[in-house]
Amino acid sequence: MSEKEPSILDYDTVTLLDEENALLIIDQTKLPGKIVLKKLKTAEEMWNSIYLLEVRGAPAIGVTAALGIYLLTKQVKVPQTDTEENYRVNFAALETEFEKQKEYLDSSRPTAVNLSWALKRMDKALLSMKVRNDLLITDVKDRLRQEAESIRSEDIEVCRKIGEYGLGLLKKGDGLLTHCNAGKLATIEYGTATAPMYLGHERGYGFHIFCDETRPLLQGSRLTAFELASAGMDVTVECDNMSASLMRTGRVQAVFVGCDRVASNGDTANKIGTSLLALAAKRYNVPFYVCAPTSTIDMSLKSGAEIPIEQRKPEEVTEMWYKERMAPENVKAYNPAFDVTDNDLITGIITEYGIAKEPFSESLRRIFDLKKKHQDSNVNNK
Ligand code: MRU
């Protein structure tokens, strides 16, 4: 009997191969045509992989950076005699390398705050071991590995909770529209915007999923449609400029999108085209939900105007995917990777701690208070 072909869902977005000092990722630029796994060993390989969108999506970038900086720091050689006496000197060597690589990895993409969030979390874990006199450098390296693995495994639980809250808003047979890829491929499991779809599919909701193609890099058709169809869902792909027509004709009951950074007032940066979708949804009374792990919410920013927006190469618009250039040689191309959706176009921001609604400045603050309470009670129970 022939063995069943593995599906994209059988592969992990990013995994640590600790013994090989490598990260294993799915090279998403090759999807859906080929499933190619790639090992990343050096800082440059990790940086390029994030920049080139081989590994992409806000949470997955954060996990890659966390596991990556662990691997790079782990390989700092300290003197054979790793004793308590020379801990301070050895720690300083580790810290120097960590800081250098942190800055470097953090520069690979500017918009998704998960990248710096994960690196800051790793930094905090490192700093907590600075003035200790009971540790060896091997303990520090172990602690960094644990922190990176926690960032990875927590992502699964966070997405599942977002999925449960999202599913609570839906009914059987709904038509759901999504943009870009905020799926399993952008996270570790479930995705964010796709989590209600995966959970609903498991529970027989029979959703009709519409995936915006998502120009210019086609994450919607290449990635979201691929993973959801692989899971057995009913999937339709449409060009980005067709989604208003779907909404106008009543085929979409809710829009679910992911995000790369949410400001404290609820303004949301996500893949370019998201704000147009939100405008159309408002016009046709279709609820528009942003699925946001709290790691993607940047409470230090007052509004979306402060979110840095990545600009990418013009060729992605004029040439990529075409047999020949599809714009005259003498024109420029505008290619921001993200846009900001104004908070008044958003029906709700679904986090792992519940759904924030207008006024977002207050509801997001409450979500973070809940998160803090939850974390404090976990510390007390240890
Ligand atoms: O440029 P990309 O492919 O990394 O953009 C990804 C998105 O815009 C996603 O919607 C966002 O990162 C959320 S992923 C859960």
Side-chain angles (χ1 to χ4, degrees), residues 13-14 25-29 31 49-65 108-118 154-156 158-163 166 177-198 211-228 240 255-262 268-278 288-298 304 307-313 316-317 320 335-341 346 349-352:
T13 313
V14 50
I25 59 145
I26 306 169
D27 178 351
Q28 299 190 27
T29 62
L31 297 175
S49 207
I50 296 174
Y51 175 73
L52 295 171
L53 272 58
E54 291 173 349
V55 57
R56 42 137 315 275
I61 297 174
V63 172
T64 305
S108 53
R109 291 194 79 190
T111 305
V113 71
N114 301 62
L115 182 59
S116 50
W117 169 85
E154 284 166 25
D155 186 64
I156 302 173
V158 164
C159 289
R160 207 188 51 76
K161 285 186 176 154
I162 288 175
L177 192 145
T178 189
H179 189 72
C180 193
N181 175 263
K184 173 175 157 48
L185 286 163
T187 62
I188 302 303
E189 199 59 67
Y190 303 111
T192 57
T194 57
M197 302 171 190
Y198 277 112
C211 297
D212 273 359
E213 180 185 42
T214 317
R215 282 277 294 150
L217 296 180
L218 311 184
Q219 290 94 328
S221 56
R222 291 192 306 105
L223 308 178
T224 310
F226 185 44
E227 59 165 275
L228 298 186
D240 302 353
V255 176
F256 284 87
V257 295
C259 50
D260 286 80
R261 196 184 296 228
V262 178
T268 293
N270 189 47
K271 181 52 57 191
I272 190 73
T274 304
S275 67
L276 262 179
L277 197 57
F288 183 92
Y289 296 107
V290 170
C291 297
T294 50
S295 54
T296 316
I297 303 175
D298 187 345
I307 301 177
I309 300 291
E310 177 183 3
Q311 300 291 327
R312 295 186 64 91
K313 291 187 181 142
E316 290 180 349
V317 174
M320 210 165 167
N335 188 18
F338 304 96
D339 61 20
V340 174
T341 300
I346 299 170
I349 299 179
I350 308 177
T351 76
E352 72 272 28

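Counting convention: from 1, in listed order, for ligands and their atoms alike. Residue numbers run from 1 in the order of the sequence given.
A donor and an acceptor atom, one from each side chain of Asn181 and Glu227, are located under 3.5 Å apart.
Only the side chain of Gln219 comes within 4.0 Å of ligand 1, counting heavy atoms alone; its backbone N, CA, C and O stay farther away. With a 4.0 Å cut-off on non-hydrogen atoms, Thr274 does not touch ligand 1 at all. The proximity of Arg109 to ligand 1, defined as any non-hydrogen pair under 4.0 Å, is limited to the side chain. Of all the heavy atoms of Ala58, the ones lying under 4.0 Å from any atom of ligand 1 are found in both the backbone and the side chain.
When the ring pair (Phe, Tyr, Trp, His ring centres under 6.0 Å) test is applied to Phe226, no partner is found at least two apart in sequence or on another chain.
Residue contacts with ligand 1 include Cys259, since one or more of its heavy atoms lies under 4.0 Å from the ligand. Assignment of Cys180 to the shell around ligand 1 is supported, since a heavy atom sits closer than 4.0 Å. Ligand 1 lies less than 4.0 angstrom from a heavy atom belonging to Asn181. Not a single heavy atom of Gly191 sits under 4.0 Å from any atom of ligand 1.
Annotation: cation-pi pair Lys271/Phe338 present, NZ/CZ under 6.0 Å from the ring centroid and within 45° of its normal.
At the shortest separation from atom 9 (C) of ligand 1 among protein heavy atoms lies Asn270 OD1, 3.4 Å.
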